[in-house]
Asker: 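Dropping a structure here in structure tokens format, bear with me for questions.
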2 protein chains.
Amino acid sequence: MLCHMNGIMFYPLLEEAGDFINSSVRGKKLIICIGLFSVEYLGRSSSNLGLGERVLMVKEDGSVLVHRRVGYEPVNWQPAGCIIRCGVRDGKLLLLSERRRPKEFLKVVFDKVYLITSTSLVDEARFEIGPVENEFYDLLMAHPEYIEEGLRIVSRQKSMPSGIPDFTGKDSKGNYVIIEVKRSMAGVDSVKQLDRYMKSQRGHFRGILCAPSITKSALLILKKKGYDFRRLNLKALSSLVAFKPYEETLDRHLEEGGS
Amino acid sequence: MLCHMNGIMFYPLLEEAGDFINSSVRGKKLIICIGLFSVEYLGRSSSNLGLGERVLMVKEDGSVLVHRRVGYEPVNWQPAGCIIRCGVRDGKLLLLSERRRPKEFLKVVFDKVYLITSTSLVDEARFEIGPVENEFYDLLMAHPEYIEEGLRIVSRQKSMPSGIPDFTGKDSKGNYVIIEVKRSMAGVDSVKQLDRYMKSQRGHFRGILCAPSITKSALLILKKKGYDFRRLNLKALSSLVAFKPYEETLDRHLEEGGS
DNA sequence: CGTGCCAGGTGCCAT
DNA sequence: ATGGCACTTGGCACG
């Protein structure tokens with residue numbers, strides 16, 4: 001019918017929908033179904049969702065998603081690797097998804113199916129994400145100037161009695177510094193963490209907390225303890241890993257606006 | 001066209017699809033779109049996903065989901081509350097989703113749209129889940145012997161300067177105790193949490209960390225600090241609440257089988 | 001709005 | 001498999 005489409009049905013009989021689902025599961029297709037149904041879940045926890053109109057998605061790897069009108073998260077789900085069974089019982093279309101470990105069950109009971117479609121998606125693209133975690137520290141390690149001009153990194157993730165600070169280093173004036181880095185806004189916890197490392201040190205050390213931003217209360221405590229905050233320019237740092245194109249296009253498109 | 005369906009289009013021109021999306025967004029409909037597109041994300045992190053066939057879902061609350069062939073999780077997303085803009089630029093259909101705080105952007109660039117549909121879902125059902133969180137603590141409150149024999153709960157979720165411990169109580173020997181409960185395996189974080197509460201207290205207190213299990217390193221720190229670990233028997237605790245009905249119906253359906 | 005903390009968290013990589 | 005930890009974690013409740 002459609003390119004890449006296995007098929008689509010409007011208002012199928014429940015039997016038809018059941019057959020459609022079973023053949024789609026066997027054929028490793030992605031199923032999207034809009035209908036009126038209820039959902040039960042039993043496993044690590046348990047849940048019950050009465051009748052309502054929702055979207056059901058079943059993927060070829062056995063993962064199942066139930067989406068309501070709103071919310072980023074599915075109201076119920078089953079991760080990849082589950083066994084799907086489907087059929088009509090007592091005038092309702094049942095879809096059961098069983099997870100082996102941990103033992104979990106998801107049951108979808110259809111009263112009506114409004115629309116059901118199954119497709120084979122061709123998607124070989126690699127998902128690139130970054131800079132994240134290690135890559136992020138790699139970047140800072142290679143470019144300590146993004147923390148502070150003239151800084152030289154001495155050690156990274158060195159174990160200390162009180163924990164593991166992200167970096168130790170030497171600043172442009174020859175002072176030893178201990179550096180705690182946060183990828184998102186630093187809070188009171190971050191200051192405490194730095195403080196622990198500092199307290200376990202003998203001799204003169206500077207303490208630096210480096211993050212894209214910091215909460216007011218955290219900055220207050222930080223200052224009082226005589227440590228320094230260094231704003232981390234995430235955008236500039238990101239630009240080092242050749243993600244520029246995106247940013248530019250994004251900005252450009254945003255300026256040009258849509259609709 | 002269809003009951004509850006606002007519309008559906010197969011292989012629309014990109015301009016048509018853009019108009020369709022814009023009117024659906026204005027009309028607070030749920031949009032599902034299967035097409036060939038690429039995705040870029042920029043915000044707390046950044047990501048890039050080249051051309052491929054995927055499913056895009058846009059909900060009335062502004063949340064956006066991009067699903068690939070496999071995997072329970074969306075490859076890219078935007079949570080509720082985002083501003084959606086859409087239009088054709090340079091022969092491609094762009095969909096931009098902007099989040100205000102934190103500042104984050106998601107850009108979807110369509111080469112082709114295979115299928116697009118928008119619907120108004122009627123769904124007033126209440127989602128019931130349990131025993132979770134409160135119910136769980138209710139149970140422990142009513143049955144403190146599952147934490148420790150002879151324990152008497154004194155307070156629950158009492159605010160303290162350093163946070164809110166789950167319980168305070170008095171043990172069989174008359175010692176005051178502070179109790180931190182975890183529903184899943186306790187980690188180093190859990191110990192730290194308990195430690196914070198303990199340190200903010202004057203006078204003699206016992207500290208108890210109660211969880212189904214605990215990581216080795218967490219137990220080490222816990223012992224060193226002189227606190228106690230109490231194994232929580234989740235199964236026994238769960239058996240106190242009657243969620244059997246679900247289990248039975250589920251089992252029955254599973255036995256009867258589908259397909 | 002920040003802070004703290006749970007979640008059916010999920011996923012990844014170590015042992 | 002299990003442990004340990006990061007995540008664009010998201011979400012909620014509370015000061």
Side-chain angles (χ1 to χ4, degrees), chain A residues 39-48 63-64 66 70-80 99-106 127 129-137 164 182-190 212-220 234 238, chain B residues 39-47 63-64 66 71-82 97 99-106 127 129-137 157 159-166 180-190 192-193 196-197 213-219 234 238 243:
Chain A
V39 188
E40 291 171 34
Y41 152 75
L42 185 73
R44 283 165 296 177
S45 179
S46 60
S47 76
N48 189 14
S63 47
V64 180
V66 177
V70 292
Y72 142 81
E73 292 194 319
V75 60
N76 279 113
W77 70 91
Q78 204 72 291
R99 185 183 187 181
R100 288 300 159 91
R101 272 182 76 87
K103 203 79 173 171
E104 293 190 300
F105 302 102
L106 187 71
F127 180 63
I129 189 167
V132 70
E133 190 57 24
N134 266 327
E135 207 173 337
F136 176 78
Y137 289 110
I164 302 167
K182 289 288 156 196
R183 296 181 54 218
S184 53
M185 183 168 51
V188 178
D189 270 4
S190 315
S213 62
I214 184 168
T215 65
K216 217 178 286 185
S217 53
L219 185 60
L220 210 71
L234 271 188
S238 298
Chain B
V39 189
E40 294 168 31
Y41 153 74
L42 184 71
R44 283 166 295 181
S45 180
S46 60
S47 77
S63 48
V64 179
V66 176
Y72 143 78
E73 289 197 320
V75 61
N76 279 111
W77 70 92
Q78 203 73 288
C82 294
S97 163
R99 186 183 187 182
R100 289 300 159 91
R101 274 182 77 85
K103 202 79 173 172
E104 292 189 301
F105 302 102
L106 187 72
F127 180 63
I129 189 167
V132 69
E133 188 57 26
N134 268 326
E135 211 170 335
F136 175 78
Y137 290 115
Q157 308 263 93
S159 183
M160 287 170 37
S162 54
I164 302 166
D166 293 319
E180 177 63 25
V181 180
K182 289 286 155 197
R183 297 181 56 220
S184 54
M185 182 169 51
V188 177
D189 272 1
S190 315
K192 278 187 185 166
Q193 212 172 318
R196 269 209 315 281
Y197 306 142
S213 64
I214 185 169
T215 65
K216 217 177 284 184
S217 56
L219 186 60
L234 269 189
S238 296
F243 261 95

Asker: When rounded to the nearest Å, what value does the distance between C1' atoms of D:dC5 and D:dT9 take?
Answerer: 12 Å
Asker: Among residues at least two apart in sequence or on other chains, which ones pass side chain to side chain donor-acceptor pair (under 3.5 Å) with A:E104?
Answerer: A:Y41, A:R44, A:R99
Asker: Can you check whether B:T215 has a side-chain N or O nearer than 4.0 Å to OP1 or OP2 of D:dG3?
Answerer: no
Asker: At under 4.0 Å between heavy atoms, what does B:S217 touch on the DNA or RNA strands: base, sugar-phosphate, or nothing?
Answerer: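 Here B:S217 touches the backbone only, sparing every base.
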Asker: Taking CG from B:L42 and P from D:dT8, how many angstroms apart are they, rounded to a whole number?
Answerer: 13 Å
Asker: Does A:N76 reach a base, just sugar-phosphate, or nothing at all? Heavy atoms under 4.0 Å.
Answerer: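 Here A:N76 touches the bases of the nucleic acid.
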Asker: What is the distance, to the nearest angstrom, from the NZ atom on B:K103 to the P atom on C:dC1?
Answerer: 14 Å
Asker: How far does the P atom of C:dG8 sit from the matching atom of C:dG4, given to the nearest Å?
Answerer: 22 Å
Asker: What distance separates B:C82 SG from B:F105 CZ, expressed to the nearest 0.5 Å?
Answerer: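 It comes to 10.5 Å.
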Asker: Round to the nearest Å and state the distance from A:Y41 atom OH to C:dA7 atom P.
Answerer: 12 Å
Asker: B:Y137 has an atom OH; how far is it from atom C1' of D:dC12, in whole Å?
Answerer: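 These atoms are roughly 14 Å apart.
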Asker: Where is the tightest heavy-atom contact between A:L106 and A:Q78, given as atom of each residue plus distance?
Answerer: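 Taking A:L106 first and A:Q78 second, the nearest heavy atoms are N-NE2, 3.5 Å.
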Asker: Taking only the side-chain heavy atoms of B:R196 (C-beta and beyond), determine which of D:dT8, C:dC5, D:dC5 contains the nearest atom.
Answerer: C:dC5
Asker: If you assign each of B:Q78 and A:R101 to its closest nucleotide in DNA chain D, which residue comes earlier from the 5' end?
Answerer: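 The answer here is A:R101.
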Asker: Kindly write out the residues that satisfy side chain to side chain contact (heavy atoms under 4.5 Å, CB included) with A:L220, not counting sequence neighbours, or none if the list is empty.
Answerer: none
Asker: Of all the nucleotides listed (D:dT8, C:dG8, C:dC5), which has the minimum atom distance to the side chain of A:F127?
Answerer: D:dT8
Asker: Separation of B:L219 atom CG from D:dG3 atom P, in whole Å?
Answerer: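 To the nearest whole Å, that distance equals 13 Å.
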Asker: In this structure, how many angstroms lie between the C1' atom of C:dA7 and the NZ atom of B:K182, rounded?
Answerer: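 Taking atom C1' of C:dA7 as the reference, NZ of B:K182 is at 11 Å.
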Asker: Tell me which nucleotide among D:dT8, C:dC6, C:dC5 gets nearest to the side chain of B:E180.
Answerer: C:dC6
Asker: Starting at the 5' end of nucleotides 10-15 of chain C, put B wherever the base has a protein heavy atom under 4.0 Å, S where only the sugar-phosphate does, and a dash everywhere else.
Answerer: SS----
Asker: Could you pull out all residues at least two apart from B:S63 that satisfy side chain to side chain donor-acceptor pair (under 3.5 Å)?
Answerer: B:D61
Asker: My understanding is that only residues two or more places apart in sequence, or in another chain, count here; which of them pass side chain to side chain contact (heavy atoms under 4.5 Å, CB included) with B:S190?
Answerer: B:K182, B:A186, B:L209
Asker: Atom CE of B:M185 and atom P of C:dC6: how far apart are they, to the nearest Å?
Answerer: 15 Å
Asker: Search all heavy atoms of B:V181 against all heavy atoms of B:Y137 and return the closest pair with its distance.
Answerer: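 Taking B:V181 first and B:Y137 second, the nearest heavy atoms are O-OH, 3.6 Å.
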Asker: Could you state the CG-P distance from B:L106 to D:dG10, rounded to the nearest angstrom?
Answerer: 13 Å
Asker: Please pick, from D:dA1, C:dG8, C:dC5, the nucleotide with the shortest atom-to-atom distance to any side-chain atom of B:Y197.
Answerer: C:dC5
Asker: List for me each residue that meets side chain to side chain donor-acceptor pair (under 3.5 Å) alongside B:R100, sequence neighbours excluded, and say none if there are none.
Answerer: B:E98
